[in-house]
Amino acid sequence: MSSLRILTSVARKAPSLRTLGRRGYAEATDKLKLSLVLPHESIFTSTDVVQVNIAAAAGDMGILANHVPSIEPLRPGVVEVIETNGASKKWFTSSGFATVHPNNKLTINVVEAAPLEKFSLEAVRANLSEALKVASGSGSEADKAEARVEADVYETLQHALAK
């Protein structure tokens, strides 16, 4: 018997392994266990939530229960948590990583995070203007590069506050 026929014969008789990896859509009753942690604080610790929206480096994404396991680098932006009661909480985060684990677990590790409502649109606009002046000024290249990064973060924050 050829090796291919033996392999297919054995595969037919073996319990199906394909069903173990089958994914489906999240049910309304499915919850995600969220841990949102900073180096000095835990905002959520294995808390049941419905959905989490993140600013991943590859683009914005929403994470529900039964999401495929993955690791996503985060860019400065908003992390929105939709709780089981339907309430939405938003934090502006600097950068970090989101890790989707099997069994509906999500861990988000960020360097800094602050509730979005703590920011003033006027203060952000003033700081953005100052950072753009420094970035286009006659200072050192290091100062200009730092100001450009600062301006990028302020632009992202301004966009988040304007929504």
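Hydrogens, waters and symmetry mates play no part in the numbers below; they use all other heavy atoms, side chains included.
Leu161 and Tyr154 fall within the same hydrophobic cluster, where Ile, Leu, Val, Met, Phe, Trp and Tyr residues are linked whenever their side-chain heavy atoms come under 4.5 Å apart, directly or through other members. Under a hydrophobic-cluster definition in which Ile, Leu, Val, Met, Phe, Trp and Tyr are linked whenever side-chain heavy atoms come within less than 4.5 Å, directly or via other members, Trp91 and Met61 are assigned to the same cluster. Put simply, Ile82 and Leu116 are part of two different groups of oily side chains (I, L, V, M, F, W, Y) that touch within less than 4.5 Å, one to the next. Using a 4.5 Å cut-off between side-chain heavy atoms of Ile, Leu, Val, Met, Phe, Trp and Tyr, with links allowed through other members, Val100 and Phe44 fall into the same hydrophobic cluster. Transitive grouping of hydrophobic side chains (ILVMFWY, heavy atoms separated by less than 4.5 Å) brings Phe92 and Leu128 into a common cluster.
Salt bridge annotation for Lys89-Glu83: present, with a cationic side-chain nitrogen under 4.0 angstrom from a carboxylate oxygen.
Every pair passing salt bridge (Lys or Arg N to Asp or Glu O under 4.0 Å) that includes a residue from residues 138-162 is listed here, sequence neighbours excluded: Glu141-Lys144, Arg148-Asp152, Arg148-Glu155.
Formation of a donor-acceptor pair under 3.5 Å by the Ser129 side chain with backbone atoms of Arg125 is not found in this model. Remark: side-chain polar atoms of Arg75 are not paired, donor with acceptor, to backbone N or O of Ala57 under 3.5 angstrom.
Other residues, nucleotides and ligands contribute more than 12 heavy atoms inside 6.0 Å of the CD atom of Glu117. Counting non-hydrogen atoms of other residues, nucleotides and ligands closer than 6.0 Å to NE2 of His159 gives a total of 12 or fewer.
Here the side chains of Leu38 and Val111 are not in contact, with every heavy-atom distance at 4.5 Å or above. Side chains of Ile54 and Leu74 form a contact here, defined as non-hydrogen atoms less than 4.5 Å apart. Val52 has its side chain within reach of Val79: a pair of non-hydrogen atoms, C-beta onward, lies under 4.5 Å apart. Side-chain contact check for Asn109 versus Thr107: some heavy-atom pair is nearer than 4.5 Å. In this structure, Pro76 and Ser94 have side chains that are not in contact, with every pair of non-hydrogen atoms separated by 4.5 Å or more. Using a 4.5 Å cut-off on side-chain heavy atoms (C-beta onward), Lys105 and Leu32 make no contact. The side-chain heavy atoms of Asp30 and Leu64, taken from C-beta on, include no pair separated by under 4.5 Å. Using a 4.5 Å heavy-atom cutoff, the side chains of Lys31 and Thr84 are in contact.
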Query - Full working for side-chain contact (heavy atoms from CB on, under 4.5 Å) between Val78 and Thr93 - result: CA-CA 6 Å; Val78 175; Thr93 61; over 6 Å; no
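A side-chain hydrogen bond (donor to acceptor under 3.5 Å, both in side chains) with Lys33 holds for exactly one of Asp48, Asn104, Thr45, Thr47; it is Asp48. Of the options Val50, Ile43, Ile108, a side chain to side chain contact (heavy atoms under 4.5 Å, CB included) to Leu34 is made by Ile108 and by none of the others.
Closest approach of Gly77 to Thr156, counting heavy atoms only: CA-CG2, 4.0 Å. Minimum heavy-atom separation, Leu106 to Ala98: CD1-CB, 4.3 Å. Listed here is the closest heavy atom pair of Ala147 and Ala135: CB-N, 3.6 Å.
Residue Phe97 shares its hydrophobic cluster (ILVMFWY side chains chained together at separations under 4.5 Å) with Ile71.
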